[in-house]
There are 2 protein chains.
Amino acid sequence: MSPSTEIAAGHEADAGETEAVTKNLVFTAAERLFALHGFQNVSVRDITAAAGVNLASVNYHFGSKDALLFDIFKRRTAELNRERAKMLHEANDRNEGAPPVREILAALLTPPLRWLAPDHERRISLQFLIRARSEGTDEIRTVLKTDVSHLRRFSDALLKARPDLSAEDVYWRLHFTLGMLHNNRFAEFDRLNVLSEGQTSEADVVALLERMLSFAEAGFAA
Amino acid sequence: MSPSTEIAAGHEADAGETEAVTKNLVFTAAERLFALHGFQNVSVRDITAAAGVNLASVNYHFGSKDALLFDIFKRRTAELNRERAKMLHEANDRNEGAPPVREILAALLTPPLRWLAPDHERRISLQFLIRARSEGTDEIRTVLKTDVSHLRRFSDALLKARPDLSAEDVYWRLHFTLGMLHNNRFAEFDRLNVLSEGQTSEADVVALLERMLSFAEAGFAA
DNA sequence: GTCTATATCGAGATAGAC
DNA sequence: GTCTATCTCGATATAGAC
């Protein structure tokens, strides 16, 4: 809200930097707690306690609990889609602007699956984003429904790669692929591991990516 | 739970039936509101107002708001899995106990997709169940993770149908298929319809089922 | 900028009359 | 069984001292 909140980083020390540190502590703690327990199950008190800052920090730095959630959502979404766009761009370069289905899907799925790796610093961010999709505020839901620009790049590429398919077919198959992706929640992995009696493990994300790509590519080829 | 709840409609009015009617009104209103707005965003006051009953009804008939949610979850889950088990049983009968992948998946996916039809009386129940999966109480999450008995019937059938695949492969592909299914939320359909600029429609559930089955079957064949 | 103390509100649950 | 009125709690947000 105040101008200083926007230019917190990159200034010289003292008062300004302390502010940035506190704000980051809140941001990180909130993201983690939201990802693990869900938005509605985490209070501002939980967040500030975990961050080791005072109760008023959330409202001071972000305006409200809702605005904090939206802030985290915006930043992580932008980050993820930047990685995806970069990979799609590279796939275009490698294939004279017309990459095959598998490379398009790889650009879509690889960034989030990288984030899922047990030691990746964005592991918790991915869980946050998956949760925010279904548990977020009205504002988040509106953005999710309205802003499909990042997806359009992928649907356009898929339409070009499979001109023999109807547009309807392509959109539905993209929808199915995204469904596979969004199901990568901690709770769903646990359930799968119970069902398979420990024969599955999501720790090897490279293998998981391969599995997902093969499944989705075959689905597109059908 | 009491016999009277099952025979609410079609009787003359007296004391016992009034109870059942009120309880059913609460149950139905709660299911609808939870499905549309999410568990945490609906208050007991919202429910009783929508049902046209007094505020105390929820606690009197169900014990608590949480218990009400769990009750709905239990009843609809049992209903859905009964339909699935019946279809799997029929597929077994048709195929000497060894149905092909597509018929197994059809038994898994057809009941929920039938429920999804615009005029189906269980349309809202399906949205409730999908939501409860990620937004439910701790008790629901525990059941979801612990009780996989209904899924085991399907994973066993799939293992038998594809003895050439490793068990790990089969479990993961079942997981992907369930991800496709769980992505069938109103909000996700809306998003898809925006992306496709109206070229997609989930109203034709028969067509949607065909699409999903073909995609998943191809994924299993990969 | 930070913190404590508190205002304010909305929620679930319940007591007790009918 | 049903209803009204109310208890009690936990939440967000904020005022005001430092």
Side-chain angles (χ1 to χ4, degrees), chain A residues 1-9 11-27 29-30 33-34 37-72 135-139, chain B residues 1-5 7-8 11-27 29-30 33-34 37-72 135-139:
Chain A
M1 287 310 169
S2 70
S4 62
T5 58
E6 296 298 324
I7 52 170
H11 273 55
E12 55 187 343
D14 300 337
E17 189 164 307
T18 307
E19 175 188 20
V21 167
T22 297
K23 189 170 179 178
N24 279 336
L25 285 172
V26 169
F27 184 100
L33 291 174
F34 288 160
H37 308 295
F39 179 59
Q40 307 266 15
N41 297 316
V42 173
S43 68
V44 172
R45 285 174 157 78
D46 295 333
I47 296 167
T48 52
V53 300
N54 81 84
L55 176 60
S57 309
V58 166
N59 284 283
Y60 179 78
H61 287 290
F62 294 92
S64 70
K65 185 191 175 186
D66 278 25
L68 167 59
L69 182 78
F70 192 60
D71 233 54
I72 303 172
E135 295 170 50
T137 60
D138 285 341
E139 195 176 11
Chain B
M1 297 304 116
S2 70
S4 61
T5 58
I7 52 169
H11 274 58
E12 278 303 81
D14 60 311
E17 181 182 316
T18 307
E19 173 189 21
V21 166
T22 297
K23 190 169 179 178
N24 279 337
L25 286 172
V26 169
F27 185 100
L33 291 173
F34 288 160
H37 308 294
F39 179 59
Q40 307 266 15
N41 297 316
V42 173
S43 66
V44 172
R45 287 172 163 81
D46 294 333
I47 295 167
T48 52
V53 301
N54 81 85
L55 177 60
S57 309
V58 166
N59 285 286
Y60 180 77
H61 286 290
F62 295 92
S64 71
K65 185 190 174 187
D66 277 24
L68 167 59
L69 182 79
F70 193 59
D71 234 55
I72 303 172
E135 296 170 50
T137 60
D138 284 341
E139 194 176 12

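Scope of the values below: all heavy atoms of this structure, side chains included, with no hydrogens, waters or symmetry mates. We name chains A, B, ... by the order of the sequence lines, and we start the count at 1 in each one. Just so it is clear, the model here is predicted, and its values are computed rather than measured.
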Do Glu139(B) and Leu69(B) make a side-chain contact, defined as non-hydrogen atoms from C-beta onward lying under 4.5 Å apart? no
Can you tell me how far C1' of dG12(C) sits from CZ of Phe34(B), to the nearest Å? 12 Å
Contact summary for Ser57(A) and Val26(A), nearest pair of heavy atoms: CB-CG2, 4.0 Å
Quick one: closest heavy-atom pair of Asn54(A) and Ala56(A), and the distance? OD1-N, 2.8 Å
Hey, is the side chain of His61(B) poking within less than 4.0 Å of OP1 or OP2 on dT2(D), counting only N and O atoms? yes
Provide, to the nearest angstrom, the distance between the CG atom belonging to Leu68(B) and the C1' atom belonging to dA13(C). 14 Å
Distance in angstrom units between Gln40(B) CD and dA11(D) P, rounded: 11 Å
Sequence neighbours excluded, which residues qualify as side chain to side chain contact (heavy atoms under 4.5 Å, CB included) partners of Ile72(A)? Phe27(A), Ala30(A), Glu31(A), Phe34(A), Leu68(A), Arg76(A), Phe128(A)
Which nucleotide wins on minimum distance to the side chain of Asn54(A), given the candidates dT2(C), dT4(D), dA11(D)? dT2(C)
Under a 4.0 Å heavy-atom criterion, the protein footprint on nucleotides 13-18 of chain D, written with B, S and -, is BB----
Using whole Å, report how far CD1 of Ile47(B) lies from P of dA13(C). 10 Å
Side chain to side chain contact (heavy atoms under 4.5 Å, CB included) partners of Leu33(A), counting only residues at least two apart: His37(A), Val42(A), Asp46(A), Ile47(A), Ala50(A)
May I ask you to verify if any side-chain N or O of Ser57(A) is less than 4.0 angstrom from the OP1 or OP2 atom of dT2(C)? no
May I ask you to decide if Phe62(A)'s main-chain N or O and Lys23(A)'s side chain share a donor-acceptor pair within less than 3.5 Å? no
